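Note sheet for the following structure.
A note on names: the letters A, B, ... follow the listed sequences, proteins ahead of strands, and every chain is numbered from 1. Every value quoted in this text rests on a predicted model; they were computed, and no experiment measured them.
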There are 2 protein chains.
Amino acid sequence: MFSEIDRHISRCTPVSDEELQIFNSRLKHMSVKKKTMLLRQGEVCRFEAYIVKGCVKKYYIDQNGDQVILQFAVEDWWISDIGSFSEQRPSNLFIETLEDTELLTVDFESKEKLFREIPKLERAFRIMVQRAYSVLESRFYATVSHSAESRYQEFLKRYPSLPQRVPQQQIASYLGITPESLSRIKTQMLKKK
Amino acid sequence: MFSEIDRHISRCTPVSDEELQIFNSRLKHMSVKKKTMLLRQGEVCRFEAYIVKGCVKKYYIDQNGDQVILQFAVEDWWISDIGSFSEQRPSNLFIETLEDTELLTVDFESKEKLFREIPKLERAFRIMVQRAYSVLESRFYATVSHSAESRYQEFLKRYPSLPQRVPQQQIASYLGITPESLSRIKTQMLKKK
DNA sequence: GCTGACTCTTGATGCAGGATAAGAAAATTA
DNA sequence: TAATTTTCTTATCCTGCATCAAGAGTCAGC
(Lines give C-alpha, C1' and ligand atoms only; values in the text may rest on other atoms or scores of the structure.)
Protein backbone atom coordinates (compact mmCIF):
# COMPACT_ATOMS: atom_id res chain seq x y z
CA MET A 1 0.00 0.00 0.00
CA PHE A 2 2.66 2.52 0.97
CA SER A 3 4.24 3.09 -2.33
CA GLU A 4 6.77 5.43 -3.82
CA ILE A 5 4.27 8.23 -4.18
CA ASP A 6 3.60 8.16 -0.44
CA ARG A 7 7.28 8.47 0.25
CA HIS A 8 7.40 11.31 -2.24
CA ILE A 9 4.68 13.16 -0.31
CA SER A 10 6.20 12.36 3.08
CA ARG A 11 9.49 13.86 1.98
CA CYS A 12 7.68 17.22 1.93
CA THR A 13 5.80 17.10 5.21
CA PRO A 14 4.70 14.36 7.63
CA VAL A 15 1.31 12.91 6.68
CA SER A 16 -0.45 10.16 8.65
CA ASP A 17 -1.10 6.71 7.20
CA GLU A 18 -4.88 7.24 7.10
CA GLU A 19 -4.44 10.51 5.27
CA LEU A 20 -2.14 8.86 2.78
CA GLN A 21 -4.75 6.18 2.29
CA ILE A 22 -7.43 8.75 1.48
CA PHE A 23 -5.00 10.42 -0.88
CA ASN A 24 -4.21 7.15 -2.62
CA SER A 25 -7.89 6.31 -3.00
CA ARG A 26 -8.45 9.50 -5.01
CA LEU A 27 -5.71 8.78 -7.49
CA LYS A 28 -6.50 7.26 -10.83
CA HIS A 29 -4.09 4.66 -12.14
CA MET A 30 -3.45 4.79 -15.89
CA SER A 31 -1.35 2.68 -18.22
CA VAL A 32 -0.65 4.27 -21.56
CA LYS A 33 1.28 3.27 -24.66
CA LYS A 34 4.36 5.00 -25.99
CA LYS A 35 3.59 8.15 -28.05
CA THR A 36 0.30 8.83 -26.30
CA MET A 37 -0.67 12.49 -26.16
CA LEU A 38 -1.69 13.36 -22.61
CA LEU A 39 -2.18 17.05 -23.35
CA ARG A 40 -2.45 19.05 -26.56
CA GLN A 41 -2.06 22.77 -27.16
CA GLY A 42 -5.44 24.45 -26.80
CA GLU A 43 -6.80 21.92 -24.30
CA VAL A 44 -7.20 22.60 -20.60
CA CYS A 45 -4.82 20.38 -18.62
CA ARG A 46 -7.06 18.03 -16.62
CA PHE A 47 -4.42 16.24 -14.56
CA GLU A 48 -1.36 16.30 -12.43
CA ALA A 49 0.37 12.99 -13.03
CA TYR A 50 2.92 11.12 -10.93
CA ILE A 51 5.04 8.74 -12.98
CA VAL A 52 5.23 5.22 -11.57
CA LYS A 53 7.07 3.79 -14.54
CA GLY A 54 8.05 5.23 -17.90
CA CYS A 55 9.06 8.50 -19.44
CA VAL A 56 7.23 11.59 -20.64
CA LYS A 57 8.11 14.86 -22.37
CA LYS A 58 6.52 18.28 -22.20
CA TYR A 59 7.06 20.63 -25.13
CA TYR A 60 5.66 23.37 -27.27
CA ILE A 61 5.80 24.07 -30.98
CA ASP A 62 7.71 27.22 -31.91
CA GLN A 63 7.10 29.63 -34.79
CA ASN A 64 9.06 27.37 -37.18
CA GLY A 65 6.94 24.37 -36.29
CA ASP A 66 9.73 22.73 -34.29
CA GLN A 67 9.32 21.02 -30.94
CA VAL A 68 11.01 22.75 -28.02
CA ILE A 69 11.26 20.37 -25.08
CA LEU A 70 10.80 22.03 -21.72
CA GLN A 71 10.90 19.01 -19.46
CA PHE A 72 11.47 15.30 -19.33
CA ALA A 73 9.88 13.35 -16.52
CA VAL A 74 10.71 9.81 -15.44
CA GLU A 75 9.91 7.58 -12.44
CA ASP A 76 9.07 9.45 -9.22
CA TRP A 77 8.45 12.78 -10.98
CA TRP A 78 5.30 14.78 -11.49
CA ILE A 79 4.21 16.11 -14.84
CA SER A 80 1.51 18.64 -15.66
CA ASP A 81 1.07 22.08 -17.11
CA ILE A 82 0.77 23.78 -13.75
CA GLY A 83 -0.44 27.06 -15.22
CA SER A 84 -3.17 25.47 -17.30
CA PHE A 85 -4.18 23.00 -14.60
CA SER A 86 -4.37 25.39 -11.68
CA GLU A 87 -6.21 28.14 -13.54
CA GLN A 88 -8.15 25.66 -15.70
CA ARG A 89 -7.33 27.61 -18.84
CA PRO A 90 -6.12 26.39 -22.25
CA SER A 91 -2.54 25.23 -22.42
CA ASN A 92 0.15 26.15 -24.95
CA LEU A 93 1.91 22.88 -24.37
CA PHE A 94 1.95 19.26 -25.39
CA ILE A 95 2.62 16.36 -23.03
CA GLU A 96 3.46 13.04 -24.65
CA THR A 97 4.81 9.69 -23.48
CA LEU A 98 8.18 8.52 -24.79
CA GLU A 99 7.77 4.96 -23.47
CA ASP A 100 4.89 2.80 -22.29
CA THR A 101 4.05 4.59 -19.07
CA GLU A 102 2.17 4.02 -15.82
CA LEU A 103 0.74 7.09 -14.16
CA LEU A 104 -1.17 8.10 -11.06
CA THR A 105 -3.30 11.14 -11.78
CA VAL A 106 -5.42 13.62 -9.83
CA ASP A 107 -7.95 15.88 -11.47
CA PHE A 108 -8.69 19.44 -10.47
CA GLU A 109 -11.84 18.82 -8.42
CA SER A 110 -10.35 15.88 -6.50
CA LYS A 111 -7.30 17.91 -5.67
CA GLU A 112 -9.31 20.86 -4.41
CA LYS A 113 -11.49 18.53 -2.37
CA LEU A 114 -8.46 16.73 -0.94
CA PHE A 115 -6.91 20.01 0.15
CA ARG A 116 -10.07 20.99 1.99
CA GLU A 117 -10.26 17.63 3.73
CA ILE A 118 -6.55 17.30 4.48
CA PRO A 119 -4.76 20.63 4.83
CA LYS A 120 -1.47 18.81 5.30
CA LEU A 121 -1.69 17.70 1.70
CA GLU A 122 -2.02 21.30 0.64
CA ARG A 123 1.17 21.94 2.58
CA ALA A 124 2.91 19.04 0.84
CA PHE A 125 1.89 20.31 -2.56
CA ARG A 126 2.90 23.85 -1.71
CA ILE A 127 6.34 22.59 -0.77
CA MET A 128 6.54 20.52 -3.94
CA VAL A 129 5.82 23.56 -6.10
CA GLN A 130 8.36 25.60 -4.19
CA ARG A 131 10.98 22.96 -4.86
CA ALA A 132 10.01 22.73 -8.50
CA TYR A 133 10.28 26.49 -8.71
CA SER A 134 13.74 26.56 -7.30
CA VAL A 135 14.88 23.73 -9.60
CA LEU A 136 13.50 25.62 -12.59
CA GLU A 137 15.23 28.77 -11.43
CA SER A 138 18.60 26.97 -11.27
CA ARG A 139 18.04 25.47 -14.66
CA PHE A 140 17.12 28.86 -16.00
CA TYR A 141 20.34 30.46 -14.98
CA ALA A 142 22.37 27.51 -16.15
CA THR A 143 20.79 27.95 -19.57
CA VAL A 144 21.35 31.67 -19.72
CA SER A 145 24.98 31.70 -18.73
CA HIS A 146 26.56 28.34 -19.56
CA SER A 147 27.80 27.03 -22.90
CA ALA A 148 25.99 24.23 -24.69
CA GLU A 149 28.76 21.81 -23.70
CA SER A 150 28.58 22.52 -19.99
CA ARG A 151 24.79 22.34 -20.10
CA TYR A 152 25.08 18.90 -21.66
CA GLN A 153 27.50 17.76 -18.97
CA GLU A 154 25.14 19.09 -16.33
CA PHE A 155 22.33 17.20 -18.01
CA LEU A 156 24.29 13.95 -17.96
CA LYS A 157 25.01 14.32 -14.28
CA ARG A 158 21.44 15.09 -13.39
CA TYR A 159 19.66 12.63 -15.67
CA PRO A 160 22.11 9.77 -16.22
CA SER A 161 19.43 7.37 -17.44
CA LEU A 162 17.94 9.58 -20.13
CA PRO A 163 20.53 9.28 -22.92
CA GLN A 164 19.75 5.56 -23.07
CA ARG A 165 16.03 6.15 -23.14
CA VAL A 166 15.52 9.23 -25.28
CA PRO A 167 16.63 10.00 -28.86
CA GLN A 168 19.51 12.42 -28.99
CA GLN A 169 17.68 15.01 -31.05
CA GLN A 170 15.19 15.41 -28.22
CA ILE A 171 17.97 15.94 -25.73
CA ALA A 172 19.33 18.60 -28.07
CA SER A 173 15.93 20.26 -28.12
CA TYR A 174 15.85 20.21 -24.32
CA LEU A 175 19.30 21.81 -24.20
CA GLY A 176 18.22 24.49 -26.65
CA ILE A 177 20.59 23.48 -29.46
CA THR A 178 20.35 21.60 -32.77
CA PRO A 179 21.00 17.85 -33.03
CA GLU A 180 24.02 18.62 -35.21
CA SER A 181 25.56 20.77 -32.50
CA LEU A 182 25.00 18.10 -29.86
CA SER A 183 26.65 15.52 -32.08
CA ARG A 184 29.70 17.75 -32.49
CA ILE A 185 29.83 18.49 -28.77
CA LYS A 186 29.92 14.77 -28.05
CA THR A 187 32.83 14.15 -30.43
CA GLN A 188 34.73 17.10 -28.92
CA MET A 189 34.18 15.73 -25.43
CA LEU A 190 35.57 12.35 -26.53
CA LYS A 191 38.68 13.98 -27.98
CA LYS A 192 39.41 15.82 -24.75
CA LYS A 193 39.44 12.61 -22.71
CA MET B 1 -5.86 49.02 6.70
CA PHE B 2 -6.78 46.98 3.65
CA SER B 3 -3.86 47.70 1.52
CA GLU B 4 -2.43 46.50 -1.77
CA ILE B 5 -0.95 43.40 -0.19
CA ASP B 6 -4.38 42.31 1.02
CA ARG B 7 -5.75 42.66 -2.48
CA HIS B 8 -2.75 40.70 -3.72
CA ILE B 9 -3.61 37.83 -1.37
CA SER B 10 -7.32 38.01 -2.10
CA ARG B 11 -6.65 37.65 -5.80
CA CYS B 12 -5.47 34.09 -5.00
CA THR B 13 -8.22 32.89 -2.70
CA PRO B 14 -10.90 34.56 -0.55
CA VAL B 15 -9.60 35.41 2.92
CA SER B 16 -11.72 37.06 5.64
CA ASP B 17 -10.98 40.53 6.99
CA GLU B 18 -10.00 39.22 10.42
CA GLU B 19 -7.60 36.75 8.86
CA LEU B 20 -6.06 39.48 6.76
CA GLN B 21 -5.66 41.55 9.87
CA ILE B 22 -3.76 38.76 11.61
CA PHE B 23 -1.65 38.36 8.52
CA ASN B 24 -0.88 42.08 8.40
CA SER B 25 0.05 42.14 12.07
CA ARG B 26 2.79 39.58 11.45
CA LEU B 27 4.43 41.53 8.65
CA LYS B 28 7.42 43.71 9.35
CA HIS B 29 7.59 47.03 7.56
CA MET B 30 11.05 48.04 6.36
CA SER B 31 12.36 51.13 4.60
CA VAL B 32 15.75 50.69 3.03
CA LYS B 33 18.07 52.87 1.00
CA LYS B 34 19.05 52.32 -2.60
CA LYS B 35 21.88 49.77 -3.02
CA THR B 36 21.06 47.92 0.18
CA MET B 37 21.95 44.22 0.12
CA LEU B 38 18.98 42.23 1.39
CA LEU B 39 20.62 38.87 0.75
CA ARG B 40 24.18 37.81 -0.02
CA GLN B 41 25.50 34.58 -1.50
CA GLY B 42 26.23 32.12 1.31
CA GLU B 43 23.59 33.53 3.66
CA VAL B 44 20.30 31.81 4.42
CA CYS B 45 17.42 33.87 3.04
CA ARG B 46 15.47 35.03 6.11
CA PHE B 47 12.56 36.74 4.38
CA GLU B 48 9.89 36.82 1.77
CA ALA B 49 9.35 40.46 0.94
CA TYR B 50 6.41 42.22 -0.67
CA ILE B 51 7.35 45.49 -2.33
CA VAL B 52 5.18 48.44 -1.35
CA LYS B 53 7.33 50.99 -3.16
CA GLY B 54 10.61 50.77 -4.99
CA CYS B 55 12.61 48.35 -7.04
CA VAL B 56 14.83 45.37 -6.32
CA LYS B 57 17.02 42.98 -8.30
CA LYS B 58 17.97 39.36 -7.70
CA TYR B 59 21.17 38.07 -9.28
CA TYR B 60 24.11 35.77 -9.00
CA ILE B 61 27.76 36.16 -9.87
CA ASP B 62 28.92 33.89 -12.68
CA GLN B 63 32.32 32.26 -13.20
CA ASN B 64 33.69 35.45 -14.79
CA GLY B 65 32.61 37.55 -11.83
CA ASP B 66 29.75 39.17 -13.75
CA GLN B 67 26.27 39.79 -12.40
CA VAL B 68 23.52 37.76 -14.04
CA ILE B 69 20.14 39.25 -13.19
CA LEU B 70 17.41 36.70 -12.71
CA GLN B 71 14.58 38.93 -11.67
CA PHE B 72 13.50 42.49 -11.18
CA ALA B 73 10.73 43.21 -8.72
CA VAL B 74 8.74 46.42 -8.39
CA GLU B 75 5.56 47.52 -6.59
CA ASP B 76 3.10 44.70 -5.81
CA TRP B 77 5.65 41.91 -6.40
CA TRP B 78 7.25 39.50 -4.01
CA ILE B 79 10.97 38.90 -3.82
CA SER B 80 12.87 36.13 -2.06
CA ASP B 81 15.13 33.20 -2.79
CA ILE B 82 12.36 30.64 -2.48
CA GLY B 83 14.75 27.69 -2.43
CA SER B 84 16.95 29.12 0.29
CA PHE B 85 14.04 30.48 2.32
CA SER B 86 11.85 27.42 2.28
CA GLU B 87 14.62 24.93 3.00
CA GLN B 88 16.52 27.41 5.20
CA ARG B 89 19.77 26.61 3.44
CA PRO B 90 22.49 28.95 2.11
CA SER B 91 21.63 30.88 -1.01
CA ASN B 92 23.68 31.31 -4.18
CA LEU B 93 22.02 34.60 -4.89
CA PHE B 94 22.18 38.28 -4.09
CA ILE B 95 19.14 40.51 -3.60
CA GLU B 96 19.77 44.24 -3.72
CA THR B 97 17.62 47.37 -3.92
CA LEU B 98 17.88 49.57 -7.01
CA GLU B 99 15.92 52.45 -5.46
CA ASP B 100 14.94 53.52 -1.95
CA THR B 101 12.44 50.80 -1.18
CA GLU B 102 9.62 50.03 1.25
CA LEU B 103 9.02 46.37 2.01
CA LEU B 104 6.71 44.16 4.01
CA THR B 105 8.52 41.03 5.10
CA VAL B 106 7.67 37.72 6.75
CA ASP B 107 10.28 35.47 8.32
CA PHE B 108 10.28 31.69 8.19
CA GLU B 109 8.84 31.02 11.66
CA SER B 110 6.05 33.57 11.31
CA LYS B 111 5.07 32.15 7.97
CA GLU B 112 4.96 28.58 9.27
CA LYS B 113 2.95 29.73 12.27
CA LEU B 114 0.55 31.71 10.08
CA PHE B 115 -0.07 28.69 7.88
CA ARG B 116 -0.93 26.56 10.90
CA GLU B 117 -3.31 29.19 12.25
CA ILE B 118 -4.86 30.13 8.91
CA PRO B 119 -4.83 27.32 6.35
CA LYS B 120 -6.38 29.65 3.78
CA LEU B 121 -3.15 31.61 3.76
CA GLU B 122 -1.27 28.45 2.93
CA ARG B 123 -3.65 28.06 0.01
CA ALA B 124 -3.02 31.63 -1.10
CA PHE B 125 0.73 31.14 -0.98
CA ARG B 126 0.51 27.82 -2.80
CA ILE B 127 -1.40 29.52 -5.58
CA MET B 128 1.10 32.35 -5.66
CA VAL B 129 4.00 29.93 -6.12
CA GLN B 130 2.10 28.07 -8.83
CA ARG B 131 1.59 31.32 -10.70
CA ALA B 132 5.19 32.30 -10.24
CA TYR B 133 6.19 28.89 -11.55
CA SER B 134 4.14 29.22 -14.67
CA VAL B 135 5.44 32.75 -15.32
CA LEU B 136 9.01 31.49 -14.96
CA GLU B 137 8.26 28.62 -17.29
CA SER B 138 6.98 31.00 -19.98
CA ARG B 139 9.97 33.22 -19.52
CA PHE B 140 12.21 30.20 -19.78
CA TYR B 141 10.93 29.16 -23.15
CA ALA B 142 10.91 32.72 -24.43
CA THR B 143 14.60 32.87 -23.55
CA VAL B 144 15.45 29.56 -25.15
CA SER B 145 13.74 30.10 -28.45
CA HIS B 146 13.45 33.83 -29.14
CA SER B 147 16.07 36.22 -30.46
CA ALA B 148 17.55 38.92 -28.25
CA GLU B 149 15.50 41.56 -30.07
CA SER B 150 12.16 39.87 -29.55
CA ARG B 151 13.02 39.17 -25.92
CA TYR B 152 13.68 42.89 -25.47
CA GLN B 153 10.37 43.80 -27.08
CA GLU B 154 8.63 41.33 -24.82
CA PHE B 155 10.39 42.87 -21.85
CA LEU B 156 9.23 46.36 -22.82
CA LYS B 157 5.65 45.19 -23.05
CA ARG B 158 5.70 43.40 -19.74
CA TYR B 159 7.71 45.89 -17.70
CA PRO B 160 7.10 49.27 -19.33
CA SER B 161 8.26 51.23 -16.28
CA LEU B 162 11.63 49.54 -15.87
CA PRO B 163 13.67 51.16 -18.66
CA GLN B 164 13.13 54.51 -16.94
CA ARG B 165 14.13 53.14 -13.56
CA VAL B 166 16.93 50.70 -14.23
CA PRO B 167 20.28 51.18 -16.03
CA GLN B 168 20.33 49.60 -19.46
CA GLN B 169 23.25 47.32 -18.68
CA GLN B 170 21.15 45.64 -16.03
CA ILE B 171 18.33 45.09 -18.46
CA ALA B 172 20.88 43.55 -20.82
CA SER B 173 22.01 41.22 -18.06
CA TYR B 174 18.40 40.22 -17.40
CA LEU B 175 17.93 39.50 -21.11
CA GLY B 176 21.08 37.39 -21.18
CA ILE B 177 23.03 39.66 -23.55
CA THR B 178 25.81 42.24 -23.26
CA PRO B 179 25.08 45.97 -22.87
CA GLU B 180 26.72 46.55 -26.25
CA SER B 181 24.31 44.17 -27.94
CA LEU B 182 21.32 45.81 -26.34
CA SER B 183 22.55 49.17 -27.52
CA ARG B 184 22.84 47.83 -31.08
CA ILE B 185 19.41 46.26 -30.88
CA LYS B 186 17.90 49.57 -29.86
CA THR B 187 19.44 51.44 -32.79
CA GLN B 188 18.31 48.72 -35.18
CA MET B 189 14.77 48.94 -33.82
CA LEU B 190 14.80 52.72 -34.38
CA LYS B 191 15.95 52.30 -37.99
CA LYS B 192 13.12 49.90 -38.72
CA LYS B 193 10.47 52.39 -37.63
C1' DG C 1 15.69 -10.30 -44.24
C1' DC C 2 14.49 -6.38 -47.16
C1' DT C 3 12.72 -1.72 -47.44
C1' DG C 4 11.77 2.71 -46.08
C1' DA C 5 11.89 5.76 -42.31
C1' DC C 6 14.02 7.65 -38.70
C1' DT C 7 18.53 8.97 -36.34
C1' DC C 8 23.23 10.29 -36.02
C1' DT C 9 27.54 12.15 -37.95
C1' DT C 10 30.47 15.19 -40.66
C1' DG C 11 31.53 19.08 -43.62
C1' DA C 12 30.91 23.84 -45.58
C1' DT C 13 29.17 28.26 -44.85
C1' DG C 14 26.71 32.09 -42.44
C1' DC C 15 25.23 35.05 -38.76
C1' DA C 16 23.84 36.73 -34.08
C1' DG C 17 25.80 38.23 -30.46
C1' DG C 18 30.46 38.30 -27.67
C1' DA C 19 35.01 40.61 -26.64
C1' DT C 20 37.72 44.42 -26.79
C1' DA C 21 38.55 49.18 -27.11
C1' DA C 22 37.75 53.99 -27.10
C1' DG C 23 35.11 57.97 -26.92
C1' DA C 24 30.59 60.53 -25.79
C1' DA C 25 27.00 61.43 -22.67
C1' DA C 26 24.85 61.42 -18.34
C1' DA C 27 24.67 61.15 -13.47
C1' DT C 28 27.08 61.80 -8.88
C1' DT C 29 29.91 64.02 -5.84
C1' DA C 30 32.81 67.61 -4.29
C1' DT D 1 30.78 74.17 -11.71
C1' DA D 2 34.29 71.18 -12.12
C1' DA D 3 35.79 66.59 -11.28
C1' DT D 4 34.83 61.94 -11.16
C1' DT D 5 32.35 58.01 -11.96
C1' DT D 6 29.00 55.53 -14.29
C1' DT D 7 26.45 54.56 -18.37
C1' DC D 8 25.74 54.36 -23.26
C1' DT D 9 27.24 54.18 -28.06
C1' DT D 10 29.98 52.85 -32.03
C1' DA D 11 33.50 50.25 -34.59
C1' DT D 12 36.31 46.12 -35.49
C1' DC D 13 37.14 41.60 -35.13
C1' DC D 14 35.97 36.91 -33.42
C1' DT D 15 33.41 32.68 -31.92
C1' DG D 16 29.73 29.41 -30.94
C1' DC D 17 26.08 27.64 -32.70
C1' DA D 18 22.67 27.51 -36.77
C1' DT D 19 21.65 26.17 -41.35
C1' DC D 20 22.04 23.40 -45.30
C1' DA D 21 23.44 19.25 -47.40
C1' DA D 22 24.95 14.60 -47.92
C1' DG D 23 26.14 10.15 -46.27
C1' DA D 24 26.05 6.31 -42.75
C1' DG D 25 24.02 3.75 -39.20
C1' DT D 26 19.80 1.86 -36.88
C1' DC D 27 15.16 0.43 -36.29
C1' DA D 28 10.30 -1.16 -37.47
C1' DG D 29 6.99 -3.17 -40.38
C1' DC D 30 5.91 -6.07 -44.05
Side-chain angles (χ1 to χ4, degrees), chain A residues 33-36 55 57 59 61-69 72 96-100 141-156 162-193, chain B residues 33-36 55 57 59 61-69 72 96-100 141-156 162-193:
Chain A
K33 285 260 148 224
K34 189 171 170 168
K35 295 195 182 175
T36 305
C55 183
K57 66 178 169 181
Y59 61 94
I61 305 288
D62 69 13
Q63 55 271 43
N64 308 319
D66 296 329
Q67 282 186 19
V68 179
I69 296 182
F72 292 113
E96 185 183 340
T97 54
L98 290 165
E99 301 175 351
D100 295 352
Y141 55 78
T143 302
V144 168
S145 74
H146 292 19
S147 69
E149 178 172 338
S150 66
R151 273 179 277 150
Y152 180 56
Q153 286 175 328
E154 205 47 47
F155 175 84
L156 291 178
L162 279 182
Q164 286 90 57
R165 302 171 73 172
V166 170
Q168 189 169 308
Q169 39 172 261
Q170 312 222 358
I171 294 172
S173 162
Y174 176 89
L175 295 172
I177 57 178
T178 60
E180 292 93 329
S181 293
L182 181 53
S183 177
R184 269 181 277 247
I185 284 167
K186 282 174 68 182
T187 59
Q188 279 173 341
M189 281 168 58
L190 282 175
K191 275 184 207 154
K192 283 184 195 166
K193 287 222 163 172
Chain B
K33 284 259 147 222
K34 189 173 173 170
K35 296 196 181 173
T36 304
C55 182
K57 67 179 169 179
Y59 61 94
I61 304 289
D62 71 12
Q63 53 271 44
N64 308 319
D66 296 329
Q67 282 187 21
V68 180
I69 295 180
F72 291 113
E96 186 182 339
T97 54
L98 290 164
E99 301 174 350
D100 295 352
Y141 56 78
T143 302
V144 168
S145 74
H146 291 19
S147 69
E149 178 171 337
S150 65
R151 272 179 278 148
Y152 179 56
Q153 284 175 330
E154 204 47 47
F155 175 85
L156 290 179
L162 278 183
Q164 285 89 55
R165 301 171 71 173
V166 170
Q168 189 169 305
Q169 40 171 266
Q170 313 223 357
I171 294 173
S173 163
Y174 176 90
L175 294 171
I177 57 177
T178 58
E180 293 90 336
S181 293
L182 181 53
S183 177
R184 267 179 296 210
I185 284 166
K186 283 174 67 182
T187 59
Q188 279 172 343
M189 281 168 57
L190 281 176
K191 275 183 208 154
K192 281 183 196 165
K193 285 223 163 170

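Regarding contacts with the backbone of C/dT7, a side-chain N or O of A/Gln169 is found under 4.0 angstrom from either OP1 or OP2. For A/Gln168 and C/dT9, the shortest distance from a side-chain N or O to OP1 or OP2 is below 4.0 Å. Between B/Lys34 and C/dT28 there is a side-chain polar atom (N or O) within less than 4.0 angstrom of OP1 or OP2. OP1 and OP2 of C/dT7 both lie 4.0 Å or more from every side-chain N or O belonging to A/Gln170. Note on B/Ser181: every side-chain N or O is 4.0 Å or more away from OP1 and OP2 of C/dG17.
Residue-to-nucleotide proximity on DNA chain D shows that, of A/Glu180 and B/Pro167, the 5′-proximal contact is made by B/Pro167. Projected onto DNA chain D by closest heavy-atom contact, B/Pro179 and A/His146 fall at different nucleotides, the more 5' of which corresponds to B/Pro179.
Distance CG/B/Leu182 to OG1/B/Thr187: 10.0 Å, rounded to 0.5 Å. Atom CZ of A/Phe155 sits about 4.0 Å away from atom CD1 of A/Ile171, to the nearest 0.5 Å.
In this structure, B/Ile185 places its CD1 atom 17 Å from P of C/dC15, rounding to the nearest Å. Note: CD (A/Gln164) to P (D/dC27) measures 14 Å, nearest angstrom. One can place CG of B/Leu98 at 14 Å from C1' of D/dT7, the figure rounded to the nearest angstrom. When rounded to the nearest whole Å, the span between CG of A/Leu182 and C1' of C/dT10 equals 14 Å. One interatomic measurement links the two molecules: OH of A/Tyr152 to C1' of D/dG16, which rounds to 18 Å at whole-angstrom precision. Between B/Lys33 atom NZ and C/dT28 atom P the separation is 13 Å, expressed in whole Å. B/Ile171 places its CD1 atom 11 Å from the P atom of D/dT9, with the value rounded to the nearest Å. The nearest whole Å value for the distance from the CD atom in A/Gln67 to the P atom in C/dT7 is 10 Å.
Between B/Asp66 and B/Ser173, every side-chain heavy-atom pair lies at or beyond the 4.5 Å cut-off. At least one side-chain heavy atom of A/Glu96 sits less than 4.5 Å from a side-chain heavy atom of A/Tyr59.
Judged by distance alone, the side chain of A/Asp100 and the main-chain N or O of A/Lys34 form a donor-acceptor pair under 3.5 Å.
A donor N or O paired with an acceptor N or O is found under 3.5 Å between the base of C/dG18 and the side-chain atoms of B/Arg184.
Residue contacts for A/Thr178: at a heavy-atom cut-off of 4.0 Å it reaches a base atom on one of the strands shown.
When distances are taken from the side chain of A/Ser183 to each of C/dT10, D/dA18, D/dT10, the shortest belongs to C/dT10. Distances from the side chain of B/Lys186 to the nucleotides C/dT9, D/dC17, D/dT9 place D/dT9 closest.
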